[in-house]
Amino acid sequence: MIDQFPGILPDILDSASQNYPDHGVGFVYSDRSSKLLTFPELRQKALSLLAGLQEKGLVKGCKAILSVEKSEEIIPLLWACFYGGIIPALLQPPVSFSEYNPAAEKAAKVASILNNPWVIFSHEHARAWQSDNIPLHKLIDISDLHGEANAAGSVQSNQNDLALIQFSSGSTGDPKGVMLTHKNIIVNTTDIIRGIHLESHDISVNWMPLYHDMGLIGFHITPVFAGVTQYFINPVDFIKNPSLWLETMSRKRCTITACPNFGQALVNRHLTRKSAHNWDLSPLRIIFNGAEPISVTTMLTFIDGLKPYGLNQLAMFPAYGLAEATLAVTFPDSSIATEIRTFEREKLLRDGIAVEIFSDDEQSVELINLGTPLEHCEVFVADDSYQPIAERQVGNILVKGQNITNGYFADPEKTSASFTG
């Protein structure tokens, strides 16, 4: 358990390397093999990449799109940026810019928002990034980055410096670049560690992508902070074969993981087709459930389907958060079962009033208790004029705290519209 705030993100990896040299980051492949990169090895690899980036001309304050496919490429590159004061934005690699695909559209928009950033991509995506939108000299193939770790130039950063730009999905319009400082991230990860009592002996397994805040903040930076060994499964491998995730958790004695509604539905379908596994999921104590609306039916089917493998229903951990709050806003009480309450559907949706009922039919809607605010975050529910509303009324969720972004990158209009004062 952490007992003090470090100043900046590189301090987190420095501390993990010194205090937990045998712990690290593992990568699980589709054939079920795995490889572990210890924290000291990760630190050395990051500094080597930083030396290569500095040779290419990247200095503190440069913006860089990280469009790399594999976790084992993304993670050292991310820390190279943190050590060098380079400000990364992680994006799903586009298949091509010559034909329509959401990842390409988002990447082009982000490149425009960041105003001529550097782009670092996986070697296999080199052709995809050949675009009129990005000058050739700003494109860097990660396989071309070589340098000696001890040649990396020292960079002084402080906790209020911009550390990361987390771009929204863009599904409701242009993507918004959430600006996160070192302090934003460190405060929220501290609260997460305390909120789930994360210890260095925990083991995390994650299939959520690192360009998503739950994958990046929740299942990489936070575990590094606590000295936790963490394993990553390629999201595509999970989608193709959900049992890879379940088997890995069993084999690695996983205690912390995440599975939002989408993933639970995949597992549920898989379990109807496959049976007679010898998984042991009894060590699991936290399954984060968030990132999208929670289906009570899907969640209960998921819990029931995994009970034969030793899953404790108390492990289900429905939480609320958003990128603008770094990641987490509210956590439930982990010592009690998920609280599900039933309300009259029409009153709730039409009138905005929560009338609790005790029947389960088509006139009802089930909602899950997502808990209470984390230590350094406050929640206020208000009407459209930002005035407090009575209990059992539907309103707008406002959040405040040291984990909250100062705004959206290069977008004062959206920033002004989102901040109420």
Side-chain angles (χ1 to χ4, degrees), residues 23-37 69-72 74-75 196 198-199 201-210 212 214-216 218-220 222-223 228-319 332 334 337-338 368:
H23 293 192
V25 183
F27 308 100
V28 180
Y29 306 109
S30 59
D31 64 0
R32 294 174 169 75
S33 63
S34 62
K35 178 175 74 175
L36 183 72
L37 192 67
E69 186 76 55
K70 301 170 187 172
S71 298
E72 57 195 293
I74 297 169
I75 287 171
I196 61 171
L198 192 64
E199 303 278 358
H201 55 74
D202 277 305
I203 301 289
S204 74
V205 175
N206 171 63
W207 58 262
M208 296 191 71
L210 285 163
H212 187 284
M214 189 182 285
L216 178 64
F219 282 89
H220 178 57
T222 299
V228 168
T229 292
Q230 54 198 265
Y231 290 92
F232 288 88
I233 294 168
N234 186 317
V236 173
D237 291 337
F238 166 76
I239 292 168
K240 290 179 178 176
N241 179 20
S243 68
L244 178 62
W245 173 60
L246 297 161
E247 182 183 300
T248 301
M249 288 193 293
S250 175
R251 193 169 69 248
K252 301 298 184 183
R253 310 292 292 170
C254 171
T255 59
I256 312 288
T257 191
C259 197
N261 196 69
F262 159 77
Q264 292 173 35
L266 284 177
V267 170
N268 293 345
R269 283 199 294 273
H270 178 80
L271 292 175
T272 62
R273 300 193 303 267
K274 306 284 184 178
S275 60
H277 296 287
N278 60 352
W279 303 319
D280 177 12
L281 302 180
S282 60
L284 257 178
R285 63 181 189 85
I286 298 286
I287 305 173
F288 279 102
N289 187 3
E292 57 180 303
I294 296 172
S295 163
V296 172
T297 301
T298 301
M299 182 188 75
L300 295 178
T301 302
F302 176 85
I303 293 170
D304 287 343
L306 294 180
K307 274 182 183 175
Y309 308 104
L311 178 68
N312 184 341
Q313 68 173 2
L314 293 180
M316 184 54 66
F317 199 78
S334 61
T338 299
I368 291 176

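Index from 1, following the sequence.
- Across P235 and M208, no two heavy atoms sit closer than the pair CG-C, 4.3 Å.
- Side-chain atoms of R32 never come within 3.5 Å of backbone atoms of E247 as a donor-acceptor pair (strictly under, hydrogens ignored).
- Proximity of T338 to I303: side-chain heavy atoms (C-beta onward) are nowhere separated by under 4.5 Å.
- For the residue pair E199 and V228, the shortest heavy atom distance occurs at O-CG2, 3.0 Å.
- Atom-to-atom distance recorded for H220:NE2 and F232:CZ is 6.0 Å, nearest 0.5 angstrom.
- Checked options D202, I203, L36, V25; the residue passing with Q230 is V25 (criterion: side-chain contact (heavy atoms from CB on, under 4.5 Å)).
- In this structure, D304 CG and L311 CG are separated by 10.0 Å, a value rounded to the nearest 0.5 Å.
- A 4.5 Å side-chain heavy-atom check between Y231 and T257 finds every atom pair outside the cut-off.
- Using a 4.5 Å cut-off on side-chain heavy atoms (C-beta onward), I196 and F317 make contact.
- Classification of D237 and K240 as a salt-bridged pair fails, no side-chain N sitting under 4.0 Å from a carboxylate O.
- Residues S71 and L210 are in side-chain contact: their nearest non-hydrogen atoms beyond the backbone lie under 4.5 Å apart.
- Nearest heavy atom pair, residue P332 against residue P318, reads CD-O, 3.1 Å.
- Ring pair F219/F288 is perpendicular by interplanar angle, where above 60° counts as perpendicular and below 30° as parallel.
- Within the 4.5 Å cutoff, side-chain heavy atoms of L271 are placed close to those of L306.
- Proximity of a side-chain donor or acceptor of E72 to a complementary backbone N or O of F27 within less than 3.5 Å is not detected.
- Heavy atoms only, all atoms of each residue included: P242 and V267 are closest at CB-CG2, 4.1 Å.
- A pairwise comparison of heavy atoms in I233 and F238 identifies CG2-N, 4.2 Å as the closest pair.
- For the atom pair CG (N206) and CD1 (I256), the distance works out to 12.0 Å, reported to the nearest 0.5 Å.
- The line from CE of M316 to CE of M299 is 6.0 Å long, rounded to the nearest 0.5 Å.
- Using modelled atom types, no side-chain atom of S34 and backbone atom of V28 make a donor-acceptor pair closer than 3.5 Å.
- Taken to the nearest 0.5 Å, the SG atom of C254 stands 10.0 Å off from the CZ atom of R285.
- Side-chain contact between C259 and F302 is present, with heavy atoms from C-beta onward closer than 4.5 Å.
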- Task: Go through the steps for K252 and T229 under the test side-chain hydrogen bond (donor to acceptor under 3.5 Å, both in side chains), then give the verdict.
- Result: CA-CA 10 Å; K252 301 298 184 183; T229 292; over 6 Å; no
Practice prompt. List the steps and the verdict of side-chain hydrogen bond (donor to acceptor under 3.5 Å, both in side chains) for T248 and W207.
Written response: CA-CA 11 Å; T248 301; W207 58 262; over 6 Å; no
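- Here R253 contributes atom CZ and L284 contributes atom CG; the two are 10.0 Å apart, rounded to the nearest 0.5 Å.
- Summarising the geometry of T298 relative to A265, their closest heavy-atom pair is CG2-N, 3.8 Å, with the distance given to 0.1 Å.
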